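Predicted model only: the values in this text are computed from it and were never measured.
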Number of protein chains: 2
Amino acid sequence: MLAIGTLSRRTGTKVQTIRYYEEIGLMNEAGRTAGGQRRYFEKDLDRLAFIRHSRQLGFSLDSIRELLDLSDNPSQSCAEADSIARRQLHQVEQRIKRLQALKKELKRMVAECDGDSVAECKVLEVLRDHAECLTEHDGIGA
Amino acid sequence: MLAIGTLSRRTGTKVQTIRYYEEIGLMNEAGRTAGGQRRYFEKDLDRLAFIRHSRQLGFSLDSIRELLDLSDNPSQSCAEADSIARRQLHQVEQRIKRLQALKKELKRMVAECDGDSVAECKVLEVLRDHAECLTEHDGIGA
DNA sequence: GATACAAGCTACAGCAGATAGAGGTTCAAG
DNA sequence: CTTGAACCTCTATCTGCTGTAGCTTGTATC
Ligand SMILES: [Zn+2]
Ligand SMILES: [Zn+2]
Ligand SMILES: [Zn+2]
Ligand SMILES: [Zn+2]
């Protein structure tokens, strides 16, 4: 039986985060000692590791929930899991595209400023007026 | 004098968001009509456009606050503004790097799955075990 | 068995950066 | 003067945690 701190150390997840995952139903409710402390099995550790690794790969908690459900039914087809992963890949690709456009603009404005007074600052000039930009960048940057 | 909806339309910012910017002190408190509705000058429109454009380029509201302060004092050196932009560029570059590593892993796991049962799904296999990954990807993916 | 103290517990607040809705009021055109 | 779109405030919600306060439990050592 593992204490929550052990799960925390072995998966690199903060203790509060593990409790949070339980609260939102991503982790099963843990068993408790007589005094009320959580105790876990190895399978709980595995589940937490799955969650953490999926998070590191950028999956949302909702997607992870689906993936865990699928993972619990080994006889099913994995088409669903694959499509979640493909969707995630697509999102990552879109984000990279957006960021590359931002990078281009930022690079240009930084390069073009001679570092004189604010009144002639190219950086601020571009920020004031999108017409100074070469690319479109709709939506809010992230 | 411009109503809030006009600012909203002309900058592509939701009305609630403009009020939110006022609440957090990013926009100045607007003047009001006798009946309590906000009314703006052209300079407020400019300020909002600056904020929105900066957001589109990925700057945080805190950075934008600094940039606006600088922009209001045209006689200063622009070194500060430039360094904020360089910091932003750096952040964007880091994010691109992380996302490219994620993309690589996602692409590989999607490609390697034959689409059979969950039990043999490569996607789920990788998620279960980071040892299957080729790259490191610490921190949580975004 | 007593004691110390690390590690656990709950409950709640807060972060960024908005966005949505309820329920009521004002403005401006016709 | 009436209509109705646009405005108002206030509160709640979202994602994914993280931090704090104040208290209790578990365990190692004496
Ligand atoms: Zn400059
Ligand atoms: Zn632009
Ligand atoms: Zn598969
Ligand atoms: Zn991995």
Side-chain angles (χ1 to χ4, degrees), chain A residues 1-27 29-40 44 48 50-68 88 91 95 98 138-142, chain B residues 1-27 29-40 44 48 50-68 88 91-92 95 98 102 138-142:
Chain A
M1 301 295 274
L2 311 165
I4 198 167
T6 311
L7 260 73
S8 170
R9 254 170 285 118
R10 305 231 324 240
T11 63
T13 312
K14 300 237 157 123
V15 167
Q16 298 105 304
T17 306
I18 301 172
R19 292 198 278 246
Y20 170 70
Y21 288 159
E22 181 183 306
E23 195 185 310
I24 63 168
L26 208 53
M27 287 292 281
E29 289 206 11
R32 302 284 185 133
T33 63
Q37 297 195 0
R38 289 171 181 81
R39 288 296 181 268
Y40 297 92
D44 299 309
L48 182 56
F50 184 103
I51 295 170
R52 278 280 106 180
H53 194 214
S54 303
R55 285 294 296 137
Q56 289 183 340
L57 288 163
F59 289 89
S60 71
L61 295 181
D62 268 357
S63 293
I64 294 171
R65 205 186 296 273
E66 287 187 71
L67 290 166
L68 282 167
Q88 177 62 20
Q91 269 183 30
R95 259 190 265 174
R98 290 220 56 234
D138 299 329
I140 287 292
Chain B
M1 302 292 276
L2 311 165
I4 198 168
T6 311
L7 260 74
S8 170
R9 254 169 285 120
R10 305 228 329 237
T11 63
T13 312
K14 301 239 157 120
V15 167
Q16 298 106 302
T17 305
I18 301 173
R19 293 197 280 246
Y20 170 69
Y21 287 160
E22 181 183 306
E23 194 184 313
I24 64 170
L26 209 54
M27 287 292 281
E29 288 206 13
R32 302 284 184 131
T33 63
Q37 298 197 358
R38 291 170 179 83
R39 287 296 180 269
Y40 297 92
D44 298 310
L48 182 57
F50 184 104
I51 295 170
R52 278 280 106 179
H53 195 216
S54 303
R55 285 295 295 134
Q56 288 182 341
L57 288 162
F59 288 90
S60 71
L61 294 181
D62 268 358
S63 293
I64 295 171
R65 205 186 295 273
E66 286 188 73
L67 290 165
L68 282 167
Q88 176 62 21
Q91 270 183 30
V92 166
R95 260 189 265 173
R98 289 221 55 234
L102 299 194
D138 299 329
I140 286 293

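An OP1 or OP2 oxygen of C:dG8 is reached within less than 4.0 angstrom by no side-chain nitrogen or oxygen of A:R19. For C:dG8, neither phosphate oxygen OP1 nor OP2 lies less than 4.0 angstrom from any side-chain nitrogen or oxygen of A:R39. Dashed line: the shortest gap from a side-chain N or O of B:R38 to OP1 or OP2 of C:dC27 is not under 4.0 Å. For A:R32, no side-chain nitrogen or oxygen approaches OP1 or OP2 of D:dG26 to under 4.0 Å. OP1 or OP2 of D:dC17 has at least one side-chain nitrogen or oxygen of A:R52 nearer than 4.0 Å. Within the 4.0 Å cut-off from OP1 or OP2 of C:dG8, not a single side-chain nitrogen or oxygen of A:T33 is found. Contact annotation: A:K14 does not reach the phosphate of D:dG16 (side-chain N/O to OP1 or OP2, under 4.0 Å). Remark: A:T17 is in phosphate contact with D:dT18, judged by side-chain N or O atoms under 4.0 Å from OP1 or OP2. OP1 or OP2 of D:dT15 has not a single side-chain nitrogen or oxygen of A:S60 nearer than 4.0 Å. The side chain of A:Y21 places no N or O atom within less than 4.0 Å of a non-bridging phosphate oxygen (OP1 or OP2) of D:dG16.
Closest approach to the B:I4 side chain among D:dG16, C:dA18, D:dC7 is made by D:dC7 (side chain taken as heavy atoms from C-beta onward). Side-chain atoms of B:R55 lie closest to C:dG17 of the nucleotides D:dC7, C:dG17, C:dC9. The side chain of A:Q37 lies closest to C:dC9 when the candidates are C:dC9, D:dC8, D:dG16. Listed nucleotides D:dT20, D:dC17, D:dT25 differ in distance to A:Q16; the shortest reach to its side chain belongs to D:dT20.
Rounded to whole Å, atom P of C:dG17 lies 8 Å from atom CD1 of B:I24. With rounding to whole Å, B:Y20 atom OH is found 16 Å from D:dC10 atom C1'. Spacing between atom CD of B:E29 and atom P of D:dT9 amounts to 10 Å, rounded to whole angstrom units. The nearest whole Å value for the distance from the CD1 atom in A:I18 to the C1' atom in C:dT10 is 16 Å. Between the CE atom of B:M1 and the P atom of C:dC27 there is a distance of 12 Å, rounded to whole Å. Distance B:Q91 CD to C:dA16 P: 14 Å, rounded to the nearest Å. Rounded to an integer number of Å, the gap from CD of B:E23 to C1' of D:dC10 is 10 Å. For the pair B:L7 CG and D:dA6 C1', the interatomic distance rounds to 14 Å; values are reported in whole Å.
One distance of note links OH of B:Y20 with NZ of B:K14; it measures 15.0 Å at 0.5 Å rounding.
If A:D62 and B:T6 are placed on DNA chain D by their nearest nucleotide, the residue sitting closer to the 5' end is B:T6. Nearer to the 5' terminus of DNA chain C, by closest-nucleotide assignment, is the contact made by B:F59 (compared with the other of B:G36 and B:F59).
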Carefully, step by step, assess A:L7 and A:T13 under the rule side-chain contact (heavy atoms from CB on, under 4.5 Å).
CA-CA 8 Å; A:L7 260 73; A:T13 312; over 6 Å; no
Derivation and outcome, side-chain contact (heavy atoms from CB on, under 4.5 Å), residues B:R38 and B:I18
CA-CA 11 Å; B:R38 291 170 179 83; B:I18 301 173; over 6 Å; no
The test is side-chain contact (heavy atoms from CB on, under 4.5 Å); show your working for B:I4 and B:R19 and say whether it passes.
CA-CA 9 Å; B:I4 198 168; B:R19 293 197 280 246; 3.6 Å; yes
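At least one side-chain heavy atom of A:I64 sits less than 4.5 Å from a side-chain heavy atom of A:L68. In this structure, the side chains of A:L61 and A:Y21 come closer than 4.5 Å at one or more pairs of heavy atoms.
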